[in-house]
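Below is one structure, written out as structure tokens; the observations come after it.
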There are 2 protein chains.
Amino acid sequence: MKRATIIDIAKALGVTPSTVSRALSGSVRVSVATRKKVEEKAEELGYQPNVMASSLRRGKSDTIGMLVPRVNRHFFSHVISAVEQILNPAGYNLLICQSYERLYNEKLALQALLKNRVAGIIMSHSMETGNFDHIKSITNENIPLIQFDRASATVAGPRIINDNFSGAYMAVKHLIKSGYKRIAHLTGALSVNVYSERYRGYRYALEEACLPLLEEYVLEEAITKETGFERTRQLLETTETDAIFCAGDFSAIGAIQAIQSLGMKVPDDIGVVGFANEPFAELLTPKLTTVEQNAYDVGNKAARALIKIIEKGSLITEEEIIPVRLLVRESSIKF
Amino acid sequence: MKRATIIDIAKALGVTPSTVSRALSGSVRVSVATRKKVEEKAEELGYQPNVMASSLRRGKSDTIGMLVPRVNRHFFSHVISAVEQILNPAGYNLLICQSYERLYNEKLALQALLKNRVAGIIMSHSMETGNFDHIKSITNENIPLIQFDRASATVAGPRIINDNFSGAYMAVKHLIKSGYKRIAHLTGALSVNVYSERYRGYRYALEEACLPLLEEYVLEEAITKETGFERTRQLLETTETDAIFCAGDFSAIGAIQAIQSLGMKVPDDIGVVGFANEPFAELLTPKLTTVEQNAYDVGNKAARALIKIIEKGSLITEEEIIPVRLLVRESSIKF
DNA sequence: CACAAAAATACAAACGTTTGCACAAAAAAC
DNA sequence: GTTTTTTGTGCAAACGTTTGTATTTTTGTG
């Protein structure tokens with residue numbers, strides 16, 4: 001009970017496989033009558049084209065590789081969803097891999113995508129990825145590559161990136177406007193473009209307001225709830241911080257809990273702003289002021305850029321900055 | 001500048017492609033010397049096997065299809081992650097599709113997976129899916145199929161399901177123990193196994209405690225924050241409800257907000273329990289009592305079951321129930 | 001050293017498509 | 001009624017592997 005092939009259809013109809021192939025692919029070089037017959041027979045036999053044979057013959061596949069640090073992160077899963085929403089109607093399928101934030105896995109995943117002869121790759125780097133030599137295997141093979149969110153200018157091809165700088169700048173400026181003056185910054189590894197850009201926005205806002213940039217106010221390795229909590233306690237015990245700009249909402253939760261654990265109040269004693277607008281942000285008490293990233297737009301743009309490259313050859317834009325939005329809520333407004 | 005094939009390696013070494021193939025696949029029928037030479041040459045040429053050619057020849061692929069309603073849902077994205085974590089080291093890749101809760105898309109996605117000759121499918125049905133005839137195209141082709149979470153006993157093959165009944169039973173029993181007596185239930189379409197089972201658990205707990213099952217206390221189509229809000233207001237205005245068991249955490253948020261909007265307090269006036277333990281549940285005020293599902297376990301078991309079927313032929317277990325845990329927090333404890 | 005057995009390699013077909021080219025039949029032009 | 005053009009099919013090769021069988025080479029035995 002094997003699966004039907006075009007050969008089966010051909011035999012049943014007394015024509016050749018080539019005719020069947022042409023009929024099914026909508027070629028003009030086949031009569032209306034045979035086309036109809038072929039289509040009916042295909043339906044009758046439950047024919048499903050074998051994409052492997054097709055891809056092998058055509059020398060390309062309709063599969064797109066997607067590589068993200070983790071699929072179960074709010075931002076990434078939404079980007080994936082958006083990408084899928086564009087790619088699927090266009091006839092592409094999505095092969096998804098995770099790096100789990102490890103460079104080793106990232107390399108492995110790229111190998112796997114290469115082996116699968118994907119028509120293109122949409123990826124966001126792991127936190128560990130500082131060197132981008134392993135990407136060369138992709139560009140060498142002439143596989144279109146789109147980077148998003150965590151991206152390096154070292155790598156050729158389009159980059160779809162959130163406006164981290166402006167987001168951070170707006171966030172800190174807002175804190176300053178609210179009357180906070182000694183603003184700390186919890187962030188991740190500054191080797192990652194995302195965090196370095198947010199840091200840059202933070203510095204810029206401080207400079208603009210003629211506030212001093214104090215080294216002890218900037219704490220790396222603080223992106224989880226736990227590390228956010230620890231760093232914040234440490235911060236409050238050794239400095240006179242009156243506000244914290246967190247490079248992520250998770251560390252913001254930790255910060256808020258640390259503040260409250262020391263008997264202080266958000267936003268009255270310490271103001272807090274996060275980044276990413278995780279679903280829980282507006283459900284916290286106090287509601288968390290944060291920077292909203294448009295994951296949908298990022299995925300959308302990335303998918304469209306890729307399709308353009310694949311179908312129309314190379315394209316122009318190198319870097320596309322997706323605007324972000326500051327959502328002012330309760331955690332940053334002194335009463 | 002084409003990609004290297006085994007033929008290139010063969011030519012460079014003066015052997016035949018078959019020898020190269022056997023050398024690379026670790027066959028015993030090849031000398032240590034040639035194997036080493038082949039491996040070196042492969043490395044030198046940057047050879048990557050063409051999985052399409054391989055799959056075509058072998059008549060099977062190492063790609064697993066995964067079909068979920070949406071990837072950007074906490075539960076599903078975690079299941080995907082768990083599945084990937086098992087499947088990847090085992091040499092499989094994941095082709096991911098979404099149904100967006102629509103039957104039409106579910107059918108389309110299954111077609112796509114069939115065309116890609118996936119080695120197996122792991123899926124969870126859309127909300128609309130009441131009839132499972134379209135699954136026959138899968139089982140007819142003898143493709144191993146694992147259902148998880150939203151699953152039907154009509155379909156042959158393993159089902160990995162959360163213990164929705166017990167979860168609901170524990171939740172409602174807990175509410176009763178806390179002193180609540182007029183317990184309402186917000187739920188989704190009862191045609192979906194997940195919701196019908198939770199409803200069954202709810203009824204069972206009430207019966208056990210000799211509490212009446214009132215029709216007006218059970219409200220369908222209440223799974224989002226918005227519908228949860230509306231249904232709850234309606235409920236509180238027309239009945240004497242003193243607790244609500246929500247079949248999801250999102251409707252629980254809506255319920256809490258509705259309760260508070262009417263000037264009542266959770267848990268003092270009305271107790272609330274959710275389902276799923278979304279990340280925000282413990283961050284709400286009051287912290288939401290809810291039922292924790294083990295997405296990791298579900299994905300893990302599903303992936304392992306699939307591998308077992310693929311590699312060792314059919315297997316025994318038809319339905320595997322993954323235990324859930326009641327997380328008692330603040331929203332359900334009268335002071 | 002001859003001969004059998006074992007080991008290593010070669011040969012060739014197959015997987016299911018696609019596609020350039022050839023060819024026949026029908027239609028159009030003269 | 002012949003020639004040219006158009007239209008519809010067929011033929012066969014190719015895509016890069018894998019694998020059963022045949023063949024060669026090596027090793028071992030008497």
Side-chain angles (χ1 to χ4, degrees), chain A residues 1-39 41-42 45-63 91 112 114-119 141-142, chain B residues 1-39 41-42 45-63 91 112 114-119 141-142:
Chain A
M1 187 65 183
K2 308 244 322 139
R3 280 185 256 218
T5 70
I6 55 171
I7 302 180
D8 299 326
I9 299 176
K11 275 182 184 157
L13 256 41
V15 297
T16 58
S18 13
T19 304
V20 176
S21 172
R22 279 191 262 259
L24 291 173
S25 67
S27 162
V28 262
R29 302 184 53 68
V30 61
S31 73
V32 193
T34 42
R35 166 158 326 177
K36 179 160 266 175
K37 279 198 298 177
V38 167
E39 278 164 356
K41 205 52 156 183
L45 298 179
Y47 170 75
Q48 290 285 355
N50 185 327
V51 298
M52 279 154 207
S54 170
S55 300
L56 177 59
R57 173 60 232 246
R58 292 178 337 192
K60 60 175 180 181
S61 83
D62 293 332
T63 302
L114 273 183
K115 283 199 289 194
N116 276 278
R117 298 293 190 270
V118 291
E141 307 267 12
N142 252 334
Chain B
M1 190 66 184
K2 307 239 328 135
R3 283 185 254 218
T5 69
I6 55 170
I7 302 181
D8 299 325
I9 299 177
K11 276 182 183 158
L13 257 40
V15 297
T16 58
S18 20
T19 306
V20 176
S21 172
R22 279 190 257 261
L24 290 173
S25 67
S27 160
V28 264
R29 304 181 51 66
V30 61
S31 73
V32 193
T34 42
R35 165 157 325 167
K36 179 161 268 177
K37 280 199 296 177
V38 167
E39 279 164 356
K41 205 49 151 186
L45 298 180
Y47 170 75
Q48 290 285 355
N50 185 328
V51 300
M52 278 154 206
S54 170
S55 300
L56 176 60
R57 173 60 233 247
R58 292 178 334 186
K60 60 176 179 179
S61 83
D62 292 332
T63 301
L114 272 182
K115 283 199 290 193
N116 275 280
R117 299 293 192 269
V118 291
E141 306 268 11
N142 252 333

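Here is how names work: the chains are called A, B, and so on, in the same order as the sequence lines, proteins then strands, and each is numbered from 1.
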Side chain B/Ser55 and base C/dC15 donor-acceptor under 3.5 Å: no

OP1 or OP2 of D/dC15 less than 4.0 angstrom from a side-chain nitrogen or oxygen of B/Thr5, does that happen here? no

From D/dG8, D/dA12, C/dC11, nucleotide with atom closest to B/Ser18 side chain: C/dC11

For a 4.5 angstrom cut-off between non-hydrogen side-chain atoms, does B/Ser61 reach A/Met52? yes

In whole angstroms, how far is the P atom of D/dT19 from the CZ atom of B/Arg58? 8 Å

Between B/Asn50 (CG) and C/dG16 (P), how many Å, whole number? 16 Å

Phosphate OP1/OP2 of C/dA10: any B/Thr19 side-chain N/O under 4.0 Å: yes

Categorize A/Val51 for me: base, sugar-phosphate, or nothing, with a 4.0 angstrom heavy-atom threshold over every strand shown. nothing

Closest approach to the side chain of B/Ser54, judged atom by atom: which nucleotide of C/dG16, C/dC11, D/dT17 is it? D/dT17

So for B/Arg22 and C/dT9, does any side-chain atom that can act as donor or acceptor lie under 3.5 Å from a complementary atom in the base? no

Please state how far atom NZ in B/Lys60 lies from atom C1' in C/dG16, giving the value in whole angstrom units. 18 Å

Checking side-chain polar atoms at under 3.5 Å, does A/Thr19 have a donor or acceptor matched by the opposite partner on A/Thr16? yes

